[in-house]
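What follows is a set of notes on a single structure, which appears directly below.
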Amino acid sequence: MNEPFETGARVVILTGAGISAESGIRTFRASDGLWEDHRIEDVATPFAWMRDPELVWGFYQGRRRQLLEVVPNPAHEALVELEKFLGDNFLLITQNVDDLHSRAGSKNLIHMHGELQKLRCEQCGEVVVAMDEEHLTDDYVACTACGDERLRPHIVWFHEMPLHMREIDQAVADCDVFIAIGTSGHVYPAAGLLGIAQACGAHCIGINLDPPENVALFDEFHQGKAGELLPNLVNVWIGVEEE
Ligand code: NAD
Ligand code: ZN
């Protein structure tokens, strides 16, 4: 559909690690199933946290410190332009735990897999943004609300339930256009949103470096780097200029 969106079209975007790749944050499935040289089972499950909290904490502290060194790329910025055009008809759902969408300026944004800047208390449920220097060392951070000595990353690990699923399912079922960007289609339930959108009659667009697992479900697939493709596509969608 290389043409402008219809007036009033409700657009839902799902992004994955691929949209942040050009900012210098590594994806994890693409090459070898490792994430920054770790097996997912060793760093991104509740069992790993129980078995070896030091390893998991150290891993996420590394990811959290990295946020200070990266900046949004043209793909994040293009989605901000799209939101300015669509207003309330735009919803961005990200699987990413980095903060590059919000730093670029996206507003109507759901982090379904949590956020690196935040920590959570397993005892009292307190969620805090903790990005000061003293929160970014390899020492644990204590809960100031209940005194528990070890907050955990506010991240949805494998085997845990993603956040805001009811709102997400509803928005995807109700949208007219669904666009998945930089996501491998391996990680459920996020990967299942494309099937919901398709079943509910949305026009489904994919943008990815490699064809993802569920590529056959897209009505339209654009292969390449998000930072190179998306600025032009957004211009077409909002009717600014030709590709
Ligand atoms: P993934 O790592 O499984 O897949 C990334 C996909 O992006 C791949 O299909 C790859 O071909 C594609 N890709 C790579 N570079 C690209 C580019 N420049 N433009 C477009 N596409 C590109 O990622 P996923 O599907 O998001 O699932 C991984 C899970 O890991 C998520 O739950 C996420 O929370 C977590 N994760 C997050 C980050 C982050 O926050 N930046 C980074 C790694 C992993
Ligand atoms: Zn607490």
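The figures that follow rest on heavy atoms only: side chains count, while hydrogens, waters and symmetry mates do not. When a ligand or atom number is given, it counts from 1 through the structure's own listing order.
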| query | Applying salt bridge (charged side-chain N to carboxylate O under 4.0 Å, His left out), which residue pairs with at least one partner in residues 172-185 are found, sequence neighbours left out? | reply | Arg10-Asp176
| said: Using a plain distance cutoff, I'd like to know if Ala226 has any nitrogen or oxygen under 3.5 Å from a nitrogen or oxygen of ligand 1. | reply: yes
| message | What I want to know is whether His113 and ligand 1 share at least one N or O pair that is separated by under 3.5 angstrom. | response | yes
| Which atoms from ligand 1 have a heavy atom of Ala21 less than 4.0 Å away? | 15 (N)
| task | Tell me which one of Leu14, Leu230, Asp98 gets a heavy atom nearest to atom 39 (C) of ligand 1. | result | Asp98
| Heavy-atom side-chain contact between Leu194 and Cys204 under 4.5 Å | yes
| field | For Glu134, the option from Leu136, Thr137, Asp132 that meets side chain to side chain contact (heavy atoms under 4.5 Å, CB included) | value | Asp132
| Ala17-ligand 1 polar pair, N/O distance under 3.5 Å | yes
| said: Quick check on contacts: which atoms of ligand 1 are under 4.0 angstrom from a heavy atom of Gly182? | reply: 5 (C), 6 (C), 7 (O), 21 (N)
| query | Atom CD in Gln223, atom CG in Leu209: separation rounded to 0.5 Å? | reply | 7.0 Å
| field | Interfacing atoms of ligand 1 (cut-off 4.0 Å, heavy-atom, Glu22) | value | 17 (C), 18 (N), 19 (N)
| Straight-line distance of Leu230 CG to Glu22 CD, nearest 0.5 Å | 10.0 Å
| said: For a distance under 2.8 Å, give residue and atom name for each protein N, O or S atom next to the Zn ion (ligand 2). | reply: Cys121 SG, Cys124 SG, Cys143 SG, Cys146 SG
| What distance do Leu82 atom CG and Ile179 atom CD1 have between them, rounded to the nearest 0.5 Å? | 6.0 Å
| With atoms numbered from 1 as shown, which atoms in ligand 1 lie under 4.0 angstrom from a non-hydrogen atom of Ile25? | 41 (N)
| For Val97, atoms of ligand 1 separated by under 4.0 Å from a heavy atom | 39 (C), 40 (O)
| remark: Restricting to heavy atoms, the pick from Asn208, Ile19, Asp99, Thr94 nearest atom 9 (O) of ligand 1 would be Asn208
| query | How does Asp210 reach ligand 1, by side chain, by backbone, by both or by neither, if only non-hydrogen atoms under 4.0 Å count? | reply | both
| Phe59 six-ring face occupied by Arg63 cation (under 6.0 Å, within 45°) | yes
| Does an N or O from Arg26, backbone or side chain, lie closer than 3.5 Å to an N or O of ligand 1? | no
| query | Is it the side chain, the backbone, both or neither of His186 that has a heavy atom closer than 4.0 Å to ligand 1? | reply | neither
| For the residue pair Trp49 and Tyr140, does the interplanar ring angle fall in the parallel (under 30°), tilted (30 to 60°) or perpendicular (over 60°) class? | perpendicular
| Who are the salt bridge (Lys or Arg N to Asp or Glu O under 4.0 Å) partners of Asp138, not counting sequence neighbours? | Arg65
| request: Look only at the side chain of Arg152 and the backbone of Pro46, and say whether a donor-acceptor pair between them is shorter than 3.5 Å. | output: no
| field | Within-shell test, Gly224 vs ligand 1, heavy atom, strictly < 4.0 Å | value | yes
| Can you list the atoms of ligand 1 that are under 4.0 Å from a heavy atom of Val187? | 27 (O)
| message | If hydrophobic residues (ILVMFWY) are linked whenever their side-chain heavy atoms come closer than 4.5 Å, directly or via other members, who joins Ile25 in its cluster? | response | Val70, Leu100
| field | Audit row: Cys124, Asp148, side chain to side chain contact (heavy atoms under 4.5 Å, CB included) steps and yes/no | value | CA-CA 9 Å; Cys124 73; Asp148 192 58; over 6 Å; no
| Heteroatom proximity flag, Leu209 to ligand 1, N/O under 3.5 Å | yes
| So do the side chains of Cys143 and Gln123 get within less than 4.5 Å of each other, counting heavy atoms only? | no
| message | Using side chain to side chain contact (heavy atoms under 4.5 Å, CB included), reason through Glu81 and Trp237 one step at a time and then give a plain yes or no. | response | CA-CA 11 Å; Glu81 292 309 308; Trp237 294 332; over 6 Å; no
| request: For atom 3 (O) of ligand 1, state which one of Gly16, Ala191, Gly227, Ser184 supplies the nearest heavy atom. | output: Ser184
